Structures are given as C-alpha cells and as structure tokens.
Amino acid sequence: MPVDPLDYFDAFSRLQAEERELRETVRQFVKETFLSNVAAWWQEGRFPIALIPRLGEMGLLGADLPQAYGASEVGPVSYGIIMEALEWADSGLRSFASVQGGLVMHAIYEFGSQEQKRTWLPQLAAGKKVGCFGLTEPDAGSDPNAMRTTARRSGTGWVLDGNKLWITNAPIADLAVVWAKDEQGRINGFLVEADAAGLTREEIPRKASMRCSVTGALHFQEVFVDEDHHLPLAHSLRAPLTCLDSARYGIVWGSIGAAEACLQEALEYAKQRITFGRPIAARQLIQERLVTMASYLGEMRLTALQLGRLKEAGRLDPAQISLAKRNNARKALEIARMARSILAANGITLDYQAIRHMLNLETVDTYEGTYDVHTLIAGQALTGSSAFS
Ligand code: TGC
Ligand code: FAD
C-alpha cells in the first residue's frame, strides 16, 4: 500500500473507530463554518464570535470534562483530535477552544467549589459564556511566580490590584480566571466577571500573528471579588500550572493540524508548479524539503498519540507534555516555513494557507511556555538540576 504523505507512519490506523469518526465530523464542521472565511477574518484581525455557540453545540468546548457539567466527556485522544481539527483551520480557532476548555473550564473544574462548577461549566461548555485566563503580566511571562497582581482580604471577599497582559479572549470574555498573590505571597485564583467595578480591558492592536484570535490586557484597580468567586482549592503556582498541562497537551495535537494543512498545500503546489520545464516536485531540493516535512509530521503524530494513550492510562508526566509541546510547536513552525518557501512569491499571500499558519505558529512556539522554557523543564527532568534559579 502506498504511504499517505500526510500520515507517513499510518498513525491513523491506530485510532479507534469512534476516534476516526469524530475526526471526520469535526473536520467537516470546520470546513463548513471556518475554512472558507478564515483568511478574511485573519486579514481583518477578528475572531468570528457569532460561531462560538456553534462550537458549544458541537460539543467542542471543554470536551474532556464530565457530561454532568454539560461537556462531552471524550477521552484524551478524542480531545486531541478535536484540537487537531480546529488548528487545521487556524491556530486562533484552536486557541479559543484551548483557553475556554483547557484553561478556564479546567481551572473551575479542578479548583472550584460545587457551586462554581454548577454555575459556570454548563454555560462555558455551551459557548453561552466566554472565559479568559489571566496569568501573564507585563513583567511576568516565563516566570509567573514574579507576578505583581495582589489579592488582599477585605470584608466578605478580596480586593484585586494589578495588570494582566497577552490574555487570549480578554476583550470578549464574560468571565476571567485571574491569578493573584495574597498577603502571604501565595498564588490564589479568582473568577472575575466582566462587569466588576474597577476592571478595565483593551485589545492589543497590530498583531502580525494570531490575527483570527482576540488578545488583550486586563487592569484591576481595587476590584472587589466576593469569597464565592474565590477558587477554594487553588493555593499555589501549582494550580495554574496544572491548567497549563491540559492546554499544552492540546497544543501537542493542535500543531499537527496546522502542519498537515501546510504539507498538503506545498505538495499540491509542487506537483503543478513548473520551472525549467518540469514540476518542482521532481527536483531534489524540493523533495528534500517535502520529505523533511513528512518526517516531522509523522513524528509529531506518533508523539501525540503516545501522549494520549499515556494520559488515558493516567501515566502522563508534565515533563513529557513539555518536551512534546516544545517539539511539535517548533516542528510545525519549521514545516510552515518550508511550505512557504516552496510556494515562493505566492506563499506570501493569504490566498494560500502557509504564511497564515507560519505567522500563527510563531505564537504557538511562544505561548503556554516558550521553546526555551520547555527545554529547561525537560532538562531538569533529565538531569535532576533546575536551570531556573
Ligand atoms: P516550580 O517551583 O518549578 O513549581 C511551582 C509549583 O508548581 C508545581 N509544578 C507543576 N504542577 C503541575 N504541572 C506542571 N507542569 C508543573 N510545573 C511545576 C511544582 O511542583 C511546584 O509545586 P509545589 O506544590 O512544590 O509548590 O516553579 P517555578 O517558579 O520555578 O516555575 C518554573 C516553570 C518554568 C515551570 C513555570 O513557571 C512555567 O511553566 N513557565 C512558563 C509559563 C507559561 O507557560 N505561561 C503560560 C501562560 S497561559 C498561556 O500562554 C495561554 S495561551 C492560550 C492560547 O491562546 O492557546
Ligand atoms: P519572557 O518571559 O520575557 O521571555 C523572553 C525570552 O527569554 C524568550 O525567548 C524566553 O524563552 C527567554 N527566557 C525566559 N526565561 C529564560 C530562562 N530562564 N532561560 C533562558 N531563556 C529564558 N498568557 C496568559 O496568561 N493567558 C493567555 O491567554 C495568553 N495568551 C497569549 C496569546 C498570545 C497571542 C501571546 C503571544 C501570548 C499569550 N500569553 C498568554 C502569554 C504567553 O504565555 C507568554 O508570552 C509566554 O509565556 C512568554 O512570556 P514573555 O512573552 O513575557 O517572554
């Protein structure tokens, strides 16, 4: 049987029947609702918020969480397949789902009270409410423990002061999960509603990456948050980092979608583009690039699938997620760059997908922990020595 260039090592055959079915369903949905418009949205710099409830109806938000809270309760591989299908259209679309599900819903599910779960999770799963996750600050990105946002006890609740920057969905969110240090320097989590007095927010303009995703800042000036909006089970940096494990796992899968779209486009282009009387696909230099792309993509798929099976077995370690996020995000970026170069001049236009994915993947390589940060996390796992302090 000839190899499938988009699945060189036939990882697809290792999916279960319902996982394959889900893959087809979500791809079809993405094709019908996003794919034909995504370049225009990207160019305009907007996310199609009218489609958010459709994502909810399809069961794509926080899909791995229990049905009791309105979610789909799919397994880890199916969750990954959803992320892959969304990012096949655009990293911004997968980002939306990652933040809503992997970060916001997970924070409430893992660290919230029963009341908080019952109030928020069904609405977030249905896409009736939008969430954002505020960890990063102007002077605390890779080192979130350096955060300056504070939470001091006051009456029946807390008062928040500080700033969060680079927050996906912040300008459109109904609810922000916000991380702040208490008077003892411990990191706590809070659910801050968009209409809270003293909360202001704005969009970050002029992004040249993730243009089909809204990114913004949150400013807290004496924002009062009642105790019932305090996450009772979050007591340290471990809490937001646990949410990041879930979102980083989603990126391991999502980046495959963007990479696959780029390889497919480059292959088709190379077969029909003639230079010096022959298709460029017949040239050794172009084949070398295509083979490298197929090799990276094959390796990315096997890595994601193995992580999924480890997660199913309850044996997945955060350091494994780190190495896989580092690898898959960077390899997807390299694939997109190679695809762009094969398309040459045509590759710089939004008529093709490569440059949009390439520019988006610069962010994917950066957020949820940069390539360097994941190098050092994996380095610590290998050597037992932390290079952070
Ligand atoms: P460190 O001392 O290592 O750890 C503090 C506590 O946390 C525990 N821990 C983890 N727990 C769960 N999962 C993990 N991955 C964990 N890593 C560490 C650790 O055991 C410890 O627990 P305890 O109980 O002993 O207190 O902390 P550190 O200050 O040295 O931090 C180092 C480092 C690099 C691990 C961490 O700060 C880091 O990961 N930095 C990168 C920051 C990051 O990824 N930010 C992402 C922001 S959100 C985002 O980008 C969303 S984009 C969304 C989208 O649009 O898709
Ligand atoms: P810095 O931490 O300032 O790093 C600068 C450079 O130094 C990097 O190259 C880094 O790798 C390197 N570096 C840092 N520390 C070390 C070290 N110890 N050793 C060696 N090199 C090091 N955050 C949220 O909380 N929520 C969100 O929803 C969110 N969405 C985002 C959306 C977009 C589009 C973007 C671009 C970012 C988003 N982020 C979000 C923020 C993101 O997580 C941070 O940008 C990221 O963690 C890196 O932080 P930084 O940009 O401050 O870089």
Side-chain angles (χ1 to χ4, degrees), residues 7-9 11 14-15 64 75-84 87 91 94-95 98-99 101-103 106 133 135-136 141-145 237-260 262-263 292-338 357-358 360-389:
D7 182 19
Y8 202 89
F9 301 121
R14 297 176 60 191
L15 298 181
D64 55 338
V77 171
S78 291
Y79 181 81
I81 283 168
I82 292 172
M83 296 298 127
E84 183 192 319
E87 197 150 356
S91 302
R94 195 269 308 138
S95 251
S98 282
V99 169
L103 294 178
H106 261 270
F133 183 89
L135 181 63
T136 303
S142 298
D143 181 11
N145 197 39
L237 187 56
R238 177 182 281 276
L241 289 176
T242 301
C243 304
L244 293 185
D245 291 337
S246 161
R248 289 168 178 171
Y249 172 78
I251 290 177
V252 171
W253 282 89
S255 52
I256 295 170
E260 182 191 312
C262 290
L263 174 55
T292 301
M293 292 158 81
S295 168
Y296 286 174
L297 182 59
E299 166 199 326
M300 288 164 69
R301 283 193 195 287
L302 293 176
T303 302
L305 194 54
Q306 173 62 6
L307 249 60
R309 299 300 178 214
L310 284 174
K311 199 165 157 69
E312 277 169 4
R315 291 177 44 224
L316 183 57
D317 189 277
Q320 292 171 319
I321 303 177
S322 278
L323 189 55
K325 189 277 179 182
R326 173 186 184 269
N327 182 66
N328 282 16
R330 180 58 61 92
K331 291 281 159 65
L333 177 57
E334 289 177 10
I335 288 171
R337 286 174 178 161
M338 285 186 266
H357 281 302
M358 184 188 99
N360 285 340
L361 287 162
E362 290 288 348
T363 287
V364 179
D365 191 57
T366 297
Y367 67 18
E368 300 278 3
T370 65
Y371 183 87
D372 299 327
V373 161
H374 290 297
T375 301
L376 301 183
I377 293 172
Q380 183 172 359
L382 290 182
T383 65
S385 301
S386 171
F388 286 111
S389 47

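In what follows, every heavy atom counts, from backbone to side chain, and hydrogens, waters and symmetry copies are set aside. Everything numeric in this text was worked out from a predicted model, so none of it was measured.
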Problem set entry | Under 3.5 Å side-chain donor-acceptor pair for D64 and H106 | yes
Problem set entry | Contacts of E260 that satisfy salt bridge (charged side-chain N to carboxylate O under 4.0 Å, His left out) - sequence neighbours left out | R23, R27, R301
For this session: Please list, chain by chain and in numerical order, all residues satisfying side chain to side chain donor-acceptor pair (under 3.5 Å) with Y79, sequence neighbours excluded.
Result: none
Seminar exercise, completed: Hits for side-chain contact (heavy atoms from CB on, under 4.5 Å) against D372, two or more places apart or cross-chain, chain-then-number order -> T370
Problem set entry | Check: W253 and N328 side chains under 4.5 Å, non-hydrogen atoms | no
For this session: Could I get the full list of side-chain contact (heavy atoms from CB on, under 4.5 Å) partners for Q306, not counting sequence neighbours?
Result: L310
Exercise. Residues in side chain to side chain donor-acceptor pair (under 3.5 Å) with D365, at least two apart?
Worked result: R330
Exercise. Can you name the residues that form a side chain to side chain donor-acceptor pair (under 3.5 Å) with N327, not counting sequence neighbours?
Worked result: E299, K331
Seminar exercise, completed: Taken in chain and number order and not counting sequence neighbours, the residues that satisfy side chain to side chain donor-acceptor pair (under 3.5 Å) with R14 are none
Problem set entry | salt bridge (charged side-chain N to carboxylate O under 4.0 Å, His left out) partners for R326, two or more places apart | none
Problem set entry | Heavy atoms from other residues, nucleotides or ligands near OH of Y8 exceed 12 (cutoff 6.0 Å) | no
Exercise. Got a sec, which residues hit side-chain contact (heavy atoms from CB on, under 4.5 Å) with A378, two or more places apart in sequence or on another chain?
Worked result: L323
Problem set entry | Partners passing ring pair (Phe, Tyr, Trp, His ring centres under 6.0 Å) against F133 (at least two apart in sequence or in another chain) | W179
Problem set entry | Counterpart residues, salt bridge (charged side-chain N to carboxylate O under 4.0 Å, His left out), relative to D143 (two or more places apart) | none
For this session: For S98, check side-chain contact (heavy atoms from CB on, under 4.5 Å) against everything at least two apart and list the hits.
Result: M83, R94
